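This report refers to the structure that appears directly beneath it.
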4 protein chains.
Amino acid sequence: MDYSAILHEIRERLAPVIGQGRVASYIPELATVSPQHFGMAVVCIDGTVHSIGDADVPFSIQSISKLFTLVMALQCEGDALWQRIGREPSGNPFNSLVQLEHEHGKPRNPFINAGALVLSDILCTRYAVPETAVVEFLRKLAGHENIHYDRRVAKSERDTAHRNAAMAYFMKSFGNLKNPVGQVLDAYCRHCAIEMSCIDLARAVTFLANHGVLPRSGERLLTASAAKRLNALMLTCGTYDAAGDFAFRVGLPAKSGVGGGILALVPGECGVCVWSPGLEPSGNSLAGSLALETFTTLTGRSIF
Amino acid sequence: MDYSAILHEIRERLAPVIGQGRVASYIPELATVSPQHFGMAVVCIDGTVHSIGDADVPFSIQSISKLFTLVMALQCEGDALWQRIGREPSGNPFNSLVQLEHEHGKPRNPFINAGALVLSDILCTRYAVPETAVVEFLRKLAGHENIHYDRRVAKSERDTAHRNAAMAYFMKSFGNLKNPVGQVLDAYCRHCAIEMSCIDLARAVTFLANHGVLPRSGERLLTASAAKRLNALMLTCGTYDAAGDFAFRVGLPAKSGVGGGILALVPGECGVCVWSPGLEPSGNSLAGSLALETFTTLTGRSIF
Amino acid sequence: MDYSAILHEIRERLAPVIGQGRVASYIPELATVSPQHFGMAVVCIDGTVHSIGDADVPFSIQSISKLFTLVMALQCEGDALWQRIGREPSGNPFNSLVQLEHEHGKPRNPFINAGALVLSDILCTRYAVPETAVVEFLRKLAGHENIHYDRRVAKSERDTAHRNAAMAYFMKSFGNLKNPVGQVLDAYCRHCAIEMSCIDLARAVTFLANHGVLPRSGERLLTASAAKRLNALMLTCGTYDAAGDFAFRVGLPAKSGVGGGILALVPGECGVCVWSPGLEPSGNSLAGSLALETFTTLTGRSIF
Amino acid sequence: MDYSAILHEIRERLAPVIGQGRVASYIPELATVSPQHFGMAVVCIDGTVHSIGDADVPFSIQSISKLFTLVMALQCEGDALWQRIGREPSGNPFNSLVQLEHEHGKPRNPFINAGALVLSDILCTRYAVPETAVVEFLRKLAGHENIHYDRRVAKSERDTAHRNAAMAYFMKSFGNLKNPVGQVLDAYCRHCAIEMSCIDLARAVTFLANHGVLPRSGERLLTASAAKRLNALMLTCGTYDAAGDFAFRVGLPAKSGVGGGILALVPGECGVCVWSPGLEPSGNSLAGSLALETFTTLTGRSIF
């Protein structure tokens with residue numbers, strides 16, 4: 001498959017929509033990112049890298065971090081994790097408290113904010129400095145040391161995290177949060193503030209395309225079964241309240257973030273990451289969604 | 001792949017759980033079905049049939065009919081269909097009115113009852129006798145003439161269809177039902193009352209595994225893209241409120257019914273159908289879900 | 001208390017707002033009523049009548065009928081009625097299905113549509129022609145024979161009653177409706193279509209101001225305790241989702257209808273009825289609400 | 001009216017139910033209160049005191065404090081208060097977050113926890129030490145200096161206030177809380193931890209029975225209209241999700257607390273307070289509710 005040609009074709013087709021959508025504006029650090037950015041990268045299991053545009057520009061990974069904190073939490077807890085977090089699509093906007101109330105403080109899935117707060121709580125229990133552990137894990141996955149979280153972004157997130165604080169206290173009222181809420185929120189906001197490029201992220205996800213084994217080293221990070229199940233979870237829950245539509249149009253496991261990144265993968269083959277900051281109302285990158293839809297159309301690489 | 005050996009292995013492993021779960025009891029015709037039934041069939045695109053147990057015993061397909069009325073409604077309406085029905089998992093028990101109210105009478109997806117009522121409404125507009133059209137379509141897909149709906153089941157369904165009537169009138173109040181409610185309910189209840197065996201159903205779904213083309217005749221029923229998208233929809237919405245968990249554990253597109261059948265498919269390869277009347281609380285066959293989970297474990301044929 | 005002077009003062013103060021608000025438009029018979037109508041009547045327990053404006057013009061009483069069908073249903077069932085209908089404010093717009101689902105088909109109170117459908121169901125069980133029984137009861141209360149329901153209004157209501165049909169079927173699915181849904185809806189729509197004037201209605205409610213005894217004849221229709229409790233119910237639930245605000249501003253038991261009428265009472269003293277077809281968003285008469293607020297301000301006759 | 005005889009009659013009738021119900025158990029200080037307590041007091045506008053049982057034993061006033069913080073907040077803000085808090089019954093259990101979400105962070109009324117948090121926020125803005133201001137206000141109303149809050153109760157409340165913290169952060173996310181959440185929660189928990197006896201409370205509420213004027217001094221605390229409106233609010237919202245039923249059975253404005261107190265008033269006449277720690281599932285005192293129902297039956301002093 002000539003991925004380089006395909007990436008060029010995608011950029012050409014997408015040109016008219018780049019810059020459309022609304023850049024996330026709830027903190028100044030995100031609001032001032034130019035909506036004109038567009039980058040995309042494919043990293044194959046054999047290590048080959050194909051990229052276009054701003055694929056090497058670091059951006060705020062935001063909710064894409066939930067995928068990696070989930071992997072780490074699974075390494076800590078195994079299947080016991082699923083007693084504290086569900087595996088069903090939320091069927092509601094991504095930060096709703098309603099469902100949390102109906103289900104007695106158990107978040108519907110690990111990719112909504114409430115679920116990721118439980119993930120951060122698990123990492124707070126396991127690691128003295130959880131954000132450092134997450135950054136180091138991502139450095140290993142991406143294969144280089146130059147990955148950090150942006151302290152100003154983390155602070156802005158933390159200062160405006162009232163709704164996440166509400167969810168955290170609400171879960172604590174049901175006994176589903178073990179550490180002090182402030183500590184969990186600190187960790188959570190730092191995880192969201194990590195910066196990586198499309199190439200970094202596409203490489204970091206190749207172990208999930210490779211049945212749980214890190215391609216370069218051969219190290220097994222998850223069982224084949226756990227990797228397969230994570231992919232299923234990304235497909236059904238990875239793109240906020242648009243997961244059904246995304247599966248319908250794109251047909252690949254994916255996780256998106258309000259920084260404009262969407263990280264996807266083709267099982268057995270490659271990781272794919274696209275970045276464009278303009279968002280659809282659902283919170284997913286507008287150009288990014290269309291780019292991935294075009295990717296599956298051109299490659300025939302839907303899982304269906 | 002030696003599917004016959006795999007089916008034997010599955011039955012052996014499943015033996016202890018067959019008969020567990022609760023048989024649907026809201027109408028006498030379903031309540032009196034023995035929970036000891038177990039049948040499973042694999043029909044490959046090349047026509048090969050593998051089966052075990054009660055795979056040739058007709059049972060009430062119930063909500064599995066929604067998959068086929070969706071195909072027919074798509075043939076009538078094309079993508080305009082999606083203006084009347086959404087494509088998102090419901091995140092709620094399968095017959096909830098709440099979500100319908102929040103979304104102004106547009107059902108979340110075609111596989112919940114409200115969505116399937118809209119499908120039946122479309123067929124009522126297109127066909128003078130919609131249940132006959134559906135039965136004939138299924139005869140073509142299954143390759144033989146001996147498929148019918150059970151009039152007593154249809155009548156019992158209709159006599160107790162108060163909640164479906166409520167949903168139908170509710171959607172009518174939003175203008176999302178074109179035909180008289182009574183007529184739509186008649187058609188809907190007859191679609192649910194169709195009887196087919198595991199072998200029939202596994203064969204009937206092979207065109208979806210074959211990118212929209214009926215294997216025997218080469219007739220194209222849906223575009224490849226539409227077939228792929230239908231598979232995505234089955235994965236995210238096909239098994240009531242347990243779709244996330246089902247994707248996580250089984251990893252195949254599937255549609256279940258309260259008669260105890262679950263119809264799944266392996267893209268590019270085969271249709272798979274299992275039947276066992278004991279249900280989990282979610283409304284899916286208990287032994288059937290485990291059988292399909294074992295199937296993907298033994299074959300490695302998850303899409304992920 | 002010089003009620004005639006007070007009514008004049010009210011009309012003078014209200015003149016600028018008469019005609020404001022939106023006339024109910026879901027059926028043509030209501031949509032074409034002039035928003036300029038304004039009538040108000042006070043009928044004291046001793047029989048004295050004070051009135052102004054269009055106080056003798058019959059209008060469609062709509063939901064005000066719920067007060068009288070409740071009295072009749074209480075006469076049939078006594079306190080057993082409260083096993084089928086609650087007594088709590090709904091906290092939701094007046095025709096919501098959500099709450100009905102949460103509470104397993106038991107309406108929150110008898111003054112929301114769902115509750116009044118149960119009232120009509122009770123009258124369908126008790127009377128061969130329930131609308132005739134209701135009309136005759138109102139003739140007795142109002143003291144003259146010239147009270148009817150408008151057949152065209154009833155038919156228009158019935159033709160557009162999809163949402164009420166949805167609620168009725170929904171309650172039937174929970175076993176909280178005994179008669180055929182169509183029959184209950186026929187009765188319900190005819191009760192709503194009864195026409196009475198402000199003077200009629202104010203006189204009809206005097207027995208509730210008089211502790212359950214019909215002033216002219218001395219006939220006891222309800223126990224003193226039941227009458228008191230009905231007044232409490234009107235205060236907490238009588239004016240749709242604005243009951244709290246209405247109690248706050250007006251402080252009198254009242255029941256409103258989308259025809260623009262509001263019927264209130266001063267315990268121990270009189271019935272008060274106002275009519276002006278322009279509605280607030282809550283469904284209550286805009287000028288009518290202000291007229292009653294002015295009435296309690298000028299008379300000091302709040303119950304608080 | 002011979003209130004002393006009536007109180008004796010009430011205690012006699014209630015004897016069999018005293019001790020029934022469940023004492024609040026979420027903090028040890030409340031859990032260890034004996035369910036056998038029963039006290040009741042009537043304080044007339046002219047200063048006459050009638051009491052029985054434990055009427056002079058101080059207990060934790062809990063949510064009854066909301067009535068007095070509302071009066072103080074109204075003194076600060078006037079009608080502008082109603083832009084931040086609604087006046088409608090909640091129609092949901094008393095600490096639900098759902099409704100808060102539907103209404104964009106504006107609590108339904110000042111007597112649910114969310115509403116009272118906004119009241120505490122207003123007092124935090126106005127007073128350096130709001131709990132001292134509230135205690136001083138209550139000392140003035142009750143006419144003696146021996147009123148305090150219990151520091152251990154306040155601390156226990158604060159340590160377990162996760163759900164209130166969730167609501168506070170949630171409202172802050174909508175901009176409806178001005179002070180730091182921790183500070184508001186400190187104040188709120190201290191208001192709830194104030195201890196007063198039935199006699200104290202019945203006397204403290206006499207100004208609301210007296211149209212806003214403190215009987216002893218003649219000082220006007222609220223306008224007559226504001227006092228009337230507060231009474232209406234107590235009636236429609238003062239007893240959690242049982243307000244409709246309470247109005248139906250008792251027919252007096254009242255505010256209850258989970259410490260087992262219920263404070264009511266007869267407009268123009270007296271304040272009435274009852275205390276018995278065993279609660280109904282709705283959170284209101286079981287014996288207390290029945291005592292007040294008996295009070296209105298024996299005195300005929302319902303407002304209806």
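Below, read A as the first sequence line, B as the second, and so on, with proteins coming before strands; counting in each chain starts at 1. No hydrogens, no waters, no symmetry mates; every other heavy atom, side chains included, goes into these values. Computed from a predicted structure; not experimentally measured.
Most heavy-atom pairs under 4.5 Å with chain A, from the set B:Asn109, B:Leu233, B:Leu235: that is B:Leu235. Here B:Ala242 is the residue among B:Gly300, B:Ala242, B:Ser225, B:Ala224 with the most heavy-atom pairs under 4.5 Å with chain A. In terms of heavy-atom pairs under 4.5 Å with chain A, the best-connected choice from B:Gly251, B:Ala227, B:Ala243 is B:Ala243. Among A:Thr297, A:Thr236, A:Leu252, A:Val250, the residue with the largest count of heavy-atom pairs under 4.5 Å with chain B is A:Thr236.
Taking CZ from B:Phe248 and CZ from A:Arg87, the interatomic distance works out to 4.5 Å, rounded to the nearest 0.5 Å. The CE atom of A:Met234 sits 10.0 Å away from the CZ atom of B:Phe304 when rounded to the nearest 0.5 Å.
Closest heavy-atom contact between A:Ala232 and B:Ala247: CB-O, 3.2 Å. Heavy atoms only, all atoms of each residue included: B:Glu293 and A:Arg229 are closest at OE2-NH2, 3.0 Å.
In the displayed structure, A:Arg22 atom CZ is contacted under 6.0 Å by at most 12 heavy atoms of other residues, nucleotides or ligands.
No side-chain heavy atom of B:Ile303 sits under 4.5 Å from any side-chain heavy atom of A:Lys228.
Between A:Arg108 and B:Asp241 a salt bridge is recorded (basic side-chain N to carboxylate O distance below 4.0 Å).
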